[in-house]
Amino acid sequence: MEQKIQRVRELYADAPEVGRVALENELPAFKRELAAAPGAQSAGRVGIRQGNVSELTLIAPFAQGGAKRLRGLLQLLKGNFQGTDAVGTVHDMRFVFLDDDTKLLFTTAYDGEWDTYIDDFATKIPDDLDLLFCNCEGWPGIRSASVKDWIAEHQVTAEGWYVGNPNLTVVEARRLERVGGALDEFLDKISD
Amino acid sequence: MMTQNGAATETPATQAAATPTVARQPDGLGKRVDEIAEITVLFPVKPGGAARFRQNAAKIQSDAWYYEKLIGTVHDFRFTFINNDTQLIGAVTYDGDFKTYITDIFTKAWAWFDEMLMDVVDGYPGASHPEIAEWTAKHIVEADMWYASNPTMTVQDTTRAQKVMQAFDTLLDSASS
């Protein structure tokens with residue numbers, strides 16, 4: 001942040017005096033703004049990241065019969081996919097059927113870099129991924145060398161991305177959940 | 001339940017009880033697991049609308065920190081243009097009930113929504129329009145699968161636990177100094 005402030009000072013060094021005075025007056029507010037608004041960074045090959053949390057938005061046409069198969073599977077699972085817990089870096093994810101069941105929308109919020117995220121899925125729950133995405137046109141299989149190209153081709157980078165706690169990973173959030181639980185227990189005990 | 005190798009297996013009753021249940025919001029649209037809910041919208045975009053949004057994107061992103069903190073229940077939120085900029089996807093992960101959230105966003109962050117969507121989304125009536133909630137609901141597409149890694153942790157719970165951790169760290173530092 002200090003570098004950015006120095007840069008603004010340099011930019012305004014030859015500004016008219018009113019501008020230089022205004023900059024000094026505005027610096028406290030300016031610092032707050034810089035601190036509050038971390039810039040979006042690239043998440044890697046596709047997508048953007050705020051702090052530690054990245055976004056992936058993917059749209060792919062369904063293969064013949066794919067929408068029916070996937071909907072049937074998701075109904076059996078009651079809309080849940082707890083196997084994802086095993087990946088350990090996924091904050092949230094959803095599947096949405098678009099345009100009269102002709103396209104699948106997949107969105108997720110995850111920790112860290114794009115490549116690592118795809119590798120994690122491929123290593124930890126490969127068959128789950130194939131069960132889901134084999135219903136999309138051209139899915140090469142999670143073990144295929146071209147799977148990252150397929151994902152990148154169907155992914156669309158968000159224009160705006162906000163994360164409530166951008167520096168919090170899934171693992172840290174789980175730790176905080178235990179801290180919150182322990183605090184409640186402690187407060188209950190001392191109020192007895 | 002899915003196993004590591006993807007095969008469907010019989011789930012013991014104890015595990016089934018521990019698995020969070022995904023259900024439709026009791027008071028509106030979108031799926032929810034424990035405290036965490038999703039809304040996904042698909043808006044039609046006016047010709048040139050995406051370009052107008054992009055021109056303003058830096059300010060929209062910067063304003064997000066102010067307005068989302070004001071709302072206080074949003075875990076994450078994105079806008080993505082698709083189909084050659086003819087449609088706009090909005091996907092949010094938030095805490096609690098549908099109606100409370102919809103009322104909150106259009107009363108607390110109406111100026112931000114107008115900044116993002118006016119002259120961008122076809123038919124957008126403005127966040128102060130009396131039927132903005134009904135208009136929004138017409139564009140919601142509900143998820144068929146919804147997963148949240150910490151479904152009982154609201155944004156408020158997380159903030160509280162972070163403060164406790166910081167206080168605890170300070171205490172340990174003081175004790176060891």
Side-chain angles (χ1 to χ4, degrees), chain A residues 33 36-40 50 53 55 57 59 70-71 74-86 88 90-99 105 107-109 124-132 156-165 168 170 173-177 179-180 183, chain B residues 1-8 19-23 31 33 36 38 40 42 50 53-54 57 60-62 64-66 68-69 72-83 88-89 91 93 116 141-150 152-153 155 157-162 164-165 168:
Chain A
E33 190 146 320
Q50 290 286 357
V53 184
E55 62 85 25
T57 310
I59 295 181
L70 184 60
R71 179 163 277 139
L74 296 177
Q75 280 170 352
L76 282 173
L77 292 168
K78 297 183 176 165
N80 212 327
F81 211 75
Q82 283 301 306
T84 313
D85 279 346
V90 183
H91 289 267
D92 58 60
M93 63 177 201
R94 77 192 72 186
F95 276 175
V96 186
F97 291 61
L98 295 182
D99 296 345
L105 165 68
T107 81
T108 179
K124 292 172 181 166
I125 53 167
D127 291 313
D128 291 11
L129 264 281
D130 280 344
L131 267 179
L132 297 170
V156 194
T157 296
E159 298 292 339
W161 173 232
Y162 166 82
V163 182
N165 287 293
L168 199 66
V170 170
R174 285 183 181 152
R175 181 164 168 250
L176 285 181
E177 191 173 15
V179 169
L183 178 69
Chain B
M1 285 294 289
M2 311 294 282
T3 62
Q4 287 280 332
N5 63 10
T19 302
T21 305
V22 176
K31 291 288 175 16
V33 52
I36 316 293
E38 64 85 25
T40 312
L42 189 61
F53 186 100
R54 289 186 183 111
I60 288 168
Q61 184 74 56
S62 163
W65 304 99
Y66 173 76
E68 292 289 19
K69 292 287 176 205
T73 50
V74 175
H75 292 264
D76 61 67
F77 174 57
R78 81 193 69 189
F79 265 142
T80 311
F81 287 93
I82 60 163
N83 287 345
L88 174 64
I89 284 174
T93 301
M116 289 190 282
V141 274
E142 195 167 276
D144 275 60
M145 184 272 280
W146 174 231
Y147 167 86
S149 58
N150 291 287
T152 61
M153 285 281 274
V155 171
D157 290 339
T158 307
T159 308
R160 176 173 170 260
Q162 275 176 320
V164 171
M165 281 302 290
F168 189 59

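If you're wondering where the values come from, they're calculated on a predicted model, not measured in any experiment. Below, each value reflects all heavy atoms present in this structure, side chains not excepted, and no hydrogens, waters or symmetry copies. Every chain is numbered from 1, with letters handed out A, B, ... down the list of sequences.
Heavy-atom distances place the side chain of B:Ile89, and not its backbone, under 4.5 Å from chain A. Contact of B:Glu142 with chain A is made through the backbone alone, with heavy-atom distances under 4.5 Å. Within the 4.5 angstrom heavy-atom criterion, only side-chain atoms of A:Leu168, from C-beta onward, approach chain B. Heavy atoms closer than 4.5 Å to chain A are found in both the backbone and the side chain of B:Asp144. In this structure, chain A has a heavy atom under 4.5 Å from the side chain of B:Phe53, while its backbone stays farther away. Interface remark: B:Ile60 contributes no atoms to any contact with chain A (heavy atom separation under 4.5 Å). When heavy atoms are compared at a cutoff of 4.5 Å, A:Leu98 approaches chain B solely by way of its side chain, counted from C-beta outward. In this structure, chain B has a heavy atom under 4.5 Å from the side chain of A:Leu105, while its backbone stays farther away.
Taking both residues in full, the closest heavy atoms of A:Gly160 and B:Gln61 are given as CA-OE1, 3.6 Å, listed atom of the first, atom of the second, then distance. Contact record, A:Glu159 with B:Ala57: O-CB, 4.5 Å, taken as the closest heavy-atom pair. Among all heavy-atom pairs drawn from B:Asp76 and A:Trp161, the shortest one is CB-CH2, 3.6 Å. A pairwise comparison of heavy atoms in B:Lys69 and A:Gly164 identifies NZ-O, 3.0 Å as the closest pair. What you find for A:Ala173 and B:Met153 is that their closest heavy atoms are O-CE, 3.8 Å. Minimum interatomic distance between A:Leu176 and B:Ala161 (heavy atoms only, all atoms of both residues): O-CB, 3.4 Å.
Side-chain contact check for A:Asp99 versus B:Asn83: some heavy-atom pair is nearer than 4.5 Å.
One finds the NE2 atom of B:His75 at 11.0 Å from the NE2 atom of A:His91 (value rounded to the nearest 0.5 Å). The distance from atom CD of A:Gln50 to atom CH2 of B:Trp65, rounded to the nearest 0.5 Å, is 4.0 Å. Atoms CD and CG, on B:Gln162 and A:Asn165 in that order, are 4.5 Å from each other to the nearest 0.5 Å. With rounding to the nearest 0.5 angstrom, the CZ atom of B:Arg78 is 5.0 Å from the CD atom of A:Glu55.
When each of A:Arg71, A:Met93, A:Arg94, A:Lys78 is checked for heavy-atom pairs under 4.5 Å with chain B, A:Arg94 comes out on top. Chain B forms the most heavy-atom pairs under 4.5 Å with one residue out of A:Leu76, A:Thr108, A:Val53, and that residue is A:Thr108. Ranked by heavy-atom pairs under 4.5 Å with chain A, the first of B:Ala50, B:Ala143, B:Gly72, B:Ala23 is B:Ala143. Heavy-atom pairs under 4.5 Å with chain A were tallied for B:Thr21, B:Thr152, B:Leu42; the largest tally goes to B:Thr152. With respect to chain B, the highest number of heavy-atom pairs below 4.5 Å among A:Leu74, A:Thr84, A:Val170 belongs to A:Thr84.
With no hydrogens or angles considered, a side-chain donor-acceptor pair links B:Thr93 and A:Asp92 at under 3.5 Å.
Every residue two or more places apart in sequence or in another chain was checked for a ring-ring contact (aromatic ring centres under 6.0 Å, His included) with B:Tyr147, and none qualifies. Partners of A:Arg174 by salt bridge (Lys or Arg N to Asp or Glu O under 4.0 Å), not counting sequence neighbours, listed by chain and number: A:Asp85.
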Could you walk me through whether B:Thr40 and A:Thr107 satisfy the side-chain contact (heavy atoms from CB on, under 4.5 Å) test, starting with their C-alpha distance in whole Å, then the side-chain angles of each, then the deciding distance to 0.1 Å, before giving a yes or no?
CA-CA 10 Å; B:Thr40 312; A:Thr107 81; 5.7 Å; no

